[in-house]
Each structure stands twice: as structure tokens, then as C-alpha cells.
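Convention: sequence-line order gives letters A, B, ...; per-chain numbering from 1. What's counted below: heavy atoms across the whole structure, side chains too, no hydrogens, waters or symmetry copies.
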Amino acid sequence: MKLAILSESPADEAALRVLVEGVLGEPVQIVQAALRARGWPSVAQVMPAIIRHLHFNTDAEGLVVVVDADDSIVHTQTHDSPGYFHPQCRLCQLRAVFRQTVKKLPPARGRERILRGVGVAVPAVEGWYLCGRDERVTETAWLEGQAAGRPPYTRRELKWRVYGTDRPSLPHEIRCALEDAHRHARDTRHLENDFPGFRSLACDLRTWKRPSR
Amino acid sequence: MIASVTFRNFKALRNTSLVLAPFNLVVGPNGSGKTSLIQALLLLRSLARHPATVTARTVPPFESPEIVFRFTPPFAAVEVELGCSSDFVCDLLRVKTPAPELWAQARGEILRIRSYLFDHYAMAEPPSLDEGKELAGNAGNLAAVLRRRAPENFKLLEAEFCRLLPEFSGLDFHDFPDRRVQLVALLSEGRQRIQMENLSQGTLYVLAVLALAFDPAPPSMICIEEIDRGIHPRLLREVRDALYRLSYPESFGEKRPPVQIVATTHSPYLLDLFKDHPEEVVIAQKEGQTARFERLVDRPDFKELLNEGPLGDIWFSGILGGVPEEKPPEASQ
């Protein structure tokens, strides 16, 4: 399967590729490698241009986008209700950008549209890496902390736990990210259970393989 | 090493103080005191070369423009005042210390402060091997410095260079008969040899940063102006990390004293990279003819602001200050 990944760093891209392959159960071919955004809200701002480019100028079948939630509103099941859109939820916003962009584009290169693979890491992708290694780190724990006004951990603490420093070099960051991504890729159920923001991405990806496409 | 610098009537810095962290990224408009801060540090180094008035007593401050330096442990008891006979001539040094030997030790560290403003034209000229003891302020002797590095140290630098710029597969030297030396980069494809004069400005600057980052005996403090100059925004993370290698060596598995860094920039892209470390960002504020320093984390609302978007964009918008003043449009008739 040919796809593009929009991410904030080479470490994120490398790990996402492994996770996507784990969900799809097949190797993927990256079209237009090294698509980068400068964090939120730049991701949402550049997405329309990237979708348009991939649609008309490449043979990519889908685009994978994952952002950190930071301190934003976390996506919940309520947000998945038909017609529901939470303006402060990054997953809702990314989906809306995707929807609004692809519906304006005519078929091209033998396909109707670029497929969507969108996820949100709560509060940061390091939470995903710690899943299964530190039971205290879950999306539920973060939500409960947000509700209580006492976040259970900070982004900086998550970095420390994953990298052993909050100033990792890029090669070290890639090594650590890949190690945990490979662990999850063997069986993504734990990550999907503890991090619904990843489950959203996995659900999107599974629709890519349906014969009805 | 340096805990804080306080300015009184020094150029545009009329009355301001700056607490220095191990790493400091200073942003602000032209003429806002970024370079003056570095000049003050270099003045301290220059005057520390000479005998100073050492006193344990409390003495009244200089009546002229004045800069006061305080230090981190083990030199926290030392205080150094620079007195200036005008805004531009500072030649008085007064040291307050409970023990002269403490000043002697602090002085040793101060003398190891270095400042850099890389010049790719100077770097392209082959220097004499004799000039390669330490990197010059404009990095014009880079080839000689690297030629004199121990092979294992040079290999580390070379590997990092090739990782950052994968179009290259290695570095080599061309030795001239008159002891001049030229650095040569090897292209990955075809192994073509590219001399420094034909390397891009950004490539040379990356090499200079790596020369500092892998220096086996680095300065105690490094000041670098316009650290982003000539470097692609996507490479700025690597430049930041190279400097972090100096100021946070333990994060890179190195066991040596940290190097304090003061770097200036005008790049919003570089500033973006400090979202997780806002305590390292200093905003130079310019108001009319007066400038002052403010740490980003001293703003009570900095956490909320950081959630709203990339730090560089927030800075560019003007809400943090540290942007050029604009002449208000004239009222329409």
C-alpha cells in the first residue's frame, strides 16, 4: 500500500510507519517521504495543500496524520456521534479538514479520494511509547487528571521516561521510538485499548483494506 | 558559570538584569541588546586578563555605566563589577570576593569564554596548521582545528556531519607544502571531493557548530550570534541538539563539565523548538532607545500561550514583544 505520513519529526515518521504496518498487516511504501509540520495548528493549516498535492501529483492511496493533544480537549466517544463536532478537539478538527478538502477534489489518478488515517496522541506520542511499560500512562489517566485539574504527568516527564532525558538527540529519539513501535506493531490491541486516539487511527486504517473501497 | 548579568546605563541596556540558564536563546529586534549582552561577556573576559581591584568590602557602585556579574556555585560568593568611562569604553574591573583564591579560580573560567560569528568567506581560505589550537571567532581556522583533532574525535564529528548532510560520505584534508590545510568534503555519489570554498554557507556553519560540539576541551561559555544563519529550518533541530550536547553533556552520555551557551536568533523556526524548554528563551525587549531582557517563563500566561500555537508564530505576532517597533500610520485627513 502506498501512503504518505505527515509528522513533526523523523522520529515520529519512523515510528508511525511501523505502527501503520502493524495495523495493516503488510509493508507500506511511503510516497513523498519527510512531510513535516510545525506542530499544532500548523498541521491543520498545511493539510489541505498536502492532500491536494498527494491527490493530483502522486499515486498515494492514503495520508496518515498524527498530532499530539497537548492540553487540548481529548476526543471521546461522544464526539463520534453523527454530525457531532467539537471545535477544540484536534481529532474532530483534523477529520473536518480532511472531509472538507477531499470533497472539493475531483477523482484523479484512478481513485476517488485520498484515504484518511488520523490519530491523536494524548498528551504526546511518548504516551504511546510507554503503553505496556508503565500502566500509569493511559488516555484515561490523562482525562481523569484533566478533570481533576492535576495532570498525572507532563510532556517533559514522559520524555524522561522514554528517552532518559528531556533533551534526546534525534538518533536516540528514533531508536527509542522504533523499539516501542515494533513492540506495539506485533499486537496493537493494548495500545488501542489504552489510547483511543490511536484506536481512531487504527480504525481509519482498517477501512482502507475493505473491498468496498 | 555566570548566574546573572545586571546592566545600568550600558548602551541601550539602561536598567535591566538577566538570570542566565545553562542554555539561553535570545530573540529580539535589531538593536535590542542581544549583541550588547555578548559584548559584556567578552568585556568581562578581556578585563579579567589584567589584575583587578579585589575587595571583600561593600563599596558603592560605579557612578558611570556599570555591569555586574554574579556566578553559579562554586563561585556564588564572587561578584564582579565592570565600570565604564562612557557608554562604549569599559575598562574598570572590581571584584568582590571573600577569598582571593576563589576569584583566581573563577577568573580561569572567565578567560575561557568564547564568542563566535561564523564567516564562510574566512572559512573557505586554507589556514595554516599552526593556527589550529582552538576555533577562531569567525571559524576561519576550522580546517586547521579539525586537522589537529585526535583521529577518534574527528571520526565522531565526521559521522555526525554525514548523518546531518547525507549527500556527503566523509571528510578529508588537503595539506599544502607551506603548512596550510584545506578541508574537503566527499560527495556520497561519485566520491567527488568538494573543497571548502565550494561548500554552501550553511554546510560550513554546520561544520563549525559540530567542531564546537565535539571539542574535547570546550570553552566554559560559548556565545553564538545568529545561530540559524544560512541553515535550513529543518536542520535547526540538529543545530540545537549539537549545542545541547555542550550544555547538557549528560543527556548525550558525555562526562564533562557543561558549557554555558548564549545564542541569538531571528528565526521563528528555531524558536519553535523550545516549546518544551521555554525557560531557555530570553526575549530582548526594545522600547524607544531603551532595551531590557525578559525570560519567557516570567510571563504569567506563558503556559496558556504555548498551547495556542508554535512558539515562533506567537513571537512573530508581537504578543510576546521582542519585535521591531513600527511607526504608527499617520492619521488620515
Side-chain angles (χ1 to χ4, degrees), chain A residues 6-14 33-46 67-74 87-90 93 122-127 146 149 151 153-177, chain B residues 21-23 25 156 159-160 162-164 166 210 213-214 232-254 258 261 267-280 297 302-317:
Chain A
L6 173 60
S7 61
E8 286 184 39
S9 79
D12 291 357
E13 180 178 327
L35 290 172
R36 295 280 178 271
R38 295 166 54 209
W40 192 265
S42 296
V43 177
Q45 289 162 351
V46 298
V67 298
D68 289 348
D70 298 322
D71 294 319
S72 65
I73 297 290
V74 175
Q88 270 95 49
C89 164
R90 292 184 180 178
Q93 291 179 73
V122 178
V125 74
E126 284 78 14
Q146 263 192 338
Y153 33 76
T154 63
R155 287 169 57 95
R156 195 181 284 200
E157 285 165 356
L158 292 180
K159 279 184 184 286
W160 267 103
R161 293 187 209 177
V162 173
Y163 310 117
T165 169
D166 57 352
R167 292 179 180 82
S169 70
L170 189 54
H172 182 57
E173 196 174 317
I174 291 174
R175 261 194 311 276
C176 295
Chain B
F23 187 101
L25 183 71
L156 289 174
E160 188 71 347
C162 296
R163 185 182 70 78
L164 301 191
L210 292 179
F214 287 89
H232 192 280
R234 284 203 190 182
L235 264 185
L236 292 176
R237 151 101 198 241
E238 300 286 5
V239 170
R240 181 203 66 178
D241 288 353
L243 298 177
Y244 272 167
R245 177 182 287 276
L246 288 162
S247 52
Y248 296 97
E250 75 285 0
S251 289
F252 294 79
E254 296 190 2
I261 304 274
S267 167
Y269 296 103
L270 181 60
L271 196 52
D272 282 351
L273 302 175
F274 289 82
K275 179 183 178 182
D276 287 335
H277 291 284
E279 74 279 5
E280 293 174 343
V297 291
F302 84 94
K303 282 182 182 165
E304 289 77 15
L305 288 174
L306 288 178
N307 281 331
E308 297 300 332
L311 182 52
D313 283 353
I314 293 170
W315 169 55
F316 184 85
S317 75

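Separating the CH2 atom in B:W315 from the OG atom in B:S267 is a distance of 7.5 Å, to the nearest 0.5 Å.
Only the side chain of B:D272 has a heavy atom closer than 4.5 Å to any heavy atom of chain A. For B:E308, the part lying under 4.5 angstrom from a heavy atom of chain A is the backbone only. Heavy-atom distances place no part of A:Q88 under 4.5 Å from chain B, backbone and side chain included. At a 4.5 Å heavy-atom cutoff, the contact between B:K275 and chain A is made by side-chain atoms alone.
Listed options B:E238, B:H277, B:R163 were ranked by heavy-atom pairs under 4.5 angstrom with chain A; first place goes to B:H277. Contact count versus chain A (heavy atoms, under 4.5 Å) is highest, among B:E279, B:K303, B:R240, for B:E279.
A donor and an acceptor atom, one from each side chain of B:R245 and A:S169, are nowhere located under 3.5 Å apart. A donor-acceptor contact closer than 3.5 angstrom links the side chains of A:D71 and B:N307.
Residues that satisfy the side chain to side chain contact (heavy atoms under 4.5 Å, CB included) test with A:Q93, not counting sequence neighbours, are A:W40, A:F85, A:R90.
For residues 155-168 of chain A, a heavy-atom distance under 4.5 Å to chain B picks out A:R155, A:R156, A:K159, A:T165, A:D166, A:R167, A:P168, given by residue number.
Each of B:L271, B:D276, B:L270 was scored for a side chain to side chain contact (heavy atoms under 4.5 Å, CB included) with B:L273, with one residue passing: B:L270.
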Steps toward side-chain contact (heavy atoms from CB on, under 4.5 Å) verdict (B:R234, A:R36): CA-CA 9 Å; B:R234 284 203 190 182; A:R36 295 280 178 271; 3.3 Å; yes
Criterion side-chain contact (heavy atoms from CB on, under 4.5 Å) on B:E280 and B:L25, from CA distance to verdict: CA-CA 6 Å; B:E280 293 174 343; B:L25 183 71; 5.6 Å; no
Test log, rule ring pair (Phe, Tyr, Trp, His ring centres under 6.0 Å), inputs B:F23 and B:Y244: CA-CA 8 Å; B:F23 187 101; B:Y244 272 167; 5.2 Å; yes
